[in-house]
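Below is one structure; the comments refer to it alone.
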Amino acid sequence: MYEKFRLAGKIAGEALKIGAESIKEGVSYLEVAEKIEEYIKKKAKIAFPVNISVNSVAAHYTPSWNDEKKFMEGDVVKIDVGTHVDGYIGDTALTVEVESNEHAKLIECAEIALENAISVVKEGIEIGYIGKVIEDSISKCNFKPIKNLQGHSIERYRLHAGISIPNYFDGSKIKLKEGQVVAIEPFVTTGIGYVVDAGHGNIYQVIKKSPLTSQLIKHFDGLPFAKRWLRNLYGERVEMKLNFLLKKRLIHKYNTLVEARNGIVSQAEHTLLVEKDGCEILTRR
Ligand code: MN
Ligand code: MN
C-alpha cells in the first residue's frame, strides 16, 4: 500500500513541476490543466481536477471546456494536483508568479510554513501544534494564514479522510499516528485570512450511490471530477444532467473559494507519511 502511495506521490510531484514550468504569460489555464492531466493519465489516475487558482482565488477553480482565461504578467497562480494509484492518493501544490517577483515573499512564506510544519511531523504530534507552527511561520513574514482551509488525512479513495490539519493554532489535541498519510497545505494571504464561496464552480463529486450516479462513480472512482470531463459522457446535455443530479442531492458541487477581502493568496502542499521519528515526503518535486 505504501509503495502505491509513493508512486502516486512521485507522479503528482512530477506533474506539478511540468505544470508550473508551462505557466507563461498568454498561455491558457485550460492548456496547463490538460497538460498536467495528460501526464498523470499516462502513469496513474487523476484523483481530482487540476485546481488552477489565480490571485485572490484560493482554491477549487478548474477550467471549463471552453475556458478562455489566459495567464497575465503578475498573476499569482496556485496549481494543486491530485493523482492516485489503485486509490492511494498523492496531493501536492505550489504557487508561481507569472513573469514578475512582486509577490515572491508571499510565495516563499507558504513554502517556509510548509517546511517548518513538515519538520515537526512525527508520531504523537498534536495537530493543533502543527497549526501553531504554520501560524507562527506566517506571522513572521507579516502575512495571515487562511483559517478556513485545512490540510487533511488521506485514506484509500478518500481525499479528506476525517482529520483536518489546521493552518493556525486551534487547540486540537488529536495526535498523528505512525503510518498515517496526511496532506499539509498552508495558505497565506495579504488579506484578512478566510475564504468565501464565490458561488460558481466546475468541480463536482458524487455523494450518494444510485443507478443515476453509477456511471459517474465508475468513471471517477467516487472522487471529484470536472464538468469538462463529462463532454464524452453526456455531449451537449452536461449542464442539464448535472443540474438534475444536484437537485436530487446525488452530487455535490465545489464552488470556487475566494479570499474575503480579495487578498492575494499563496499555497504550498505536500503529502506525507507519518513515521516514528519524523515523516517521509511522498510528493517530493
Ligand atoms: Mn491539494
Ligand atoms: Mn489537499
Side-chain angles (χ1 to χ4, degrees), residues 5 8-20 29 32-33 36-37 39-40 44-54 57-63 76-85 87-96 107 110-111 113-115 117-118 121 127 130-131 134 145-168 176 180-189 195 201-205 220 222-226 252 254-257 265-274 279 281-285:
F5 265 126
K10 180 173 176 278
I11 296 162
E14 289 166 4
L16 183 64
K17 209 170 155 207
I18 287 167
Y29 297 13
V32 173
I36 292 170
E37 291 173 358
Y39 182 84
I40 296 170
K45 290 179 101 179
I46 300 171
F48 55 81
V50 175
N51 285 214
I52 297 182
S53 307
V54 177
V57 178
H60 295 175
Y61 186 84
T62 201
V76 173
V77 184
K78 280 77 62 191
I79 323 176
D80 195 332
V81 167
T83 61
H84 76 90
V85 172
Y88 300 100
I89 299 169
D91 180 6
T92 184
L94 57 65
T95 306
V96 293
I107 291 167
E111 291 289 342
L114 176 59
E115 220 173 90
I118 288 172
V121 168
I127 61 172
I130 298 173
I134 292 173
I146 291 187
K147 291 190 170 179
N148 58 344
L149 289 173
Q150 295 98 14
H152 46 96
S153 56
I154 295 176
E155 288 171 10
R156 194 175 181 214
Y157 288 113
R158 290 179 72 202
L159 183 57
H160 290 250
I163 298 174
S164 290
I165 299 172
N167 286 324
Y168 67 103
L176 294 184
Q180 243 171 2
V181 173
V182 294
I184 296 187
E185 46 185 315
F187 285 83
V188 182
T189 184
V195 288
N202 297 316
I203 303 174
Y204 298 80
Q205 187 170 15
F220 308 120
L223 290 161
F225 56 89
H252 171 76
Y254 289 93
N255 283 335
T256 301
L257 300 172
V265 179
S266 68
Q267 174 202 15
E269 177 177 25
H270 272 308
T271 301
L272 315 167
L273 170 59
V274 181
C279 68
I281 302 174
L282 298 173
T283 46
R284 205 179 278 288
R285 48 193 189 245

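Counting convention: from 1, in listed order, for ligands and their atoms alike. Because the structure is predicted, anything quoted here is derived from the model rather than measured. As a basis for the values below, the full set of heavy atoms in this structure was taken, side chains included, without hydrogen atoms, waters or symmetry mates.
Closest N/O/S atom of E185 to the Mn ion (ligand 2): OE2.
The two residues I40 and K45 make their nearest non-hydrogen contact at CG2-O, 3.4 Å.
For R284, the CZ atom counts as loosely surrounded, since its 6.0 Å shell holds 12 or fewer non-hydrogen atoms of other residues, nucleotides or ligands.
The angle subtended at the Mn ion (ligand 2) by OE2 of E269 and NE2 of H152 is 110°, given to the nearest 10°. Geometry at the Mn ion (ligand 1): OD1/D80 and OD1/D91 form an angle of 90°, nearest 10 degrees.
In summary, of the residues considered (T283, L282, I118, L176), a side-chain contact (heavy atoms from CB on, under 4.5 Å) with L272 occurs for I118 alone.
At a threshold of 4.0 Å, the pair E111-R285 counts as salt-bridged, since one of the basic side-chain nitrogens sits closer than that to a carboxylate oxygen.
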